[in-house]
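Below, each value reflects all heavy atoms present in this structure, side chains not excepted, and no hydrogens, waters or symmetry copies.
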Amino acid sequence: MSCPGISLERILFGLAGTVTVLAVVLAATVSAWFLLLGAFVAVNEWLYAWKGACPASLILRRTPCFGRKAAR
């Protein structure tokens, strides 16, 4: 199975953006402690930029959609 037209980077940035917006909304409506979730996302983005992998990328590479690309 392959996912034409979609790259791992696009999925990761979409996921990071969604979780960041969710963290901001939850921080504004529930508790400021949810800003730690946004900080966690930022750390993972820096980790991906520095090392080329983050926990989400390692999990996504094991899916059938990206598994073949990682093996090449």
Side-chain angles (χ1 to χ4, degrees):
M1 178 178 170
S2 65
C3 301
I6 229 169
S7 66
L8 179 63
E9 288 80 16
R10 289 180 69 184
I11 295 292
L12 287 174
F13 278 103
L15 180 64
T18 301
V19 174
T20 301
V21 168
L22 180 66
V24 169
V25 169
L26 288 172
T29 59
V30 178
S31 171
W33 284 101
F34 279 104
L35 291 174
L36 290 175
L37 179 61
F40 176 73
V41 170
V43 167
N44 279 304
E45 287 179 341
W46 277 106
L47 184 64
Y48 185 79
W50 183 43
K51 289 289 189 178
C54 66
S57 70
L58 297 175
I59 292 169
L60 284 172
R61 283 188 183 139
R62 293 179 182 215
T63 63
C65 202
F66 300 107
R68 286 188 195 154
K69 293 178 185 175
R72 287 184 184 174

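Under the 4.5 Å side-chain contact rule for hydrophobic residues, Leu8 and Ile59 do not share a cluster. Neither Leu36 nor Val41 shares a network with the other; the hydrophobic side chains, linked directly or stepwise wherever heavy atoms of I, L, V, M, F, W or Y lie under 4.5 Å apart, form separate groups for each.
A heavy-atom distance below 4.5 Å is found between the side chains of Leu47 and Pro55.
Note that CD1 of Ile6 is 3.5 Å distant from CD1 of Ile11, once rounded to the nearest 0.5 Å.
Taking Leu37 as the reference, Val19, Ala23 meet the side chain to side chain contact (heavy atoms under 4.5 Å, CB included) condition, with sequence neighbours excluded. Applying the side chain to side chain contact (heavy atoms under 4.5 Å, CB included) rule to Leu58 yields the partners Ala53, Arg61; only residues at least two apart in sequence or on another chain are considered.
For the side-chain hydrogen bond (donor to acceptor under 3.5 Å, both in side chains) condition, the pairs that include at least one residue of residues 25-48, sequence neighbours left out, are Glu9-Tyr48.
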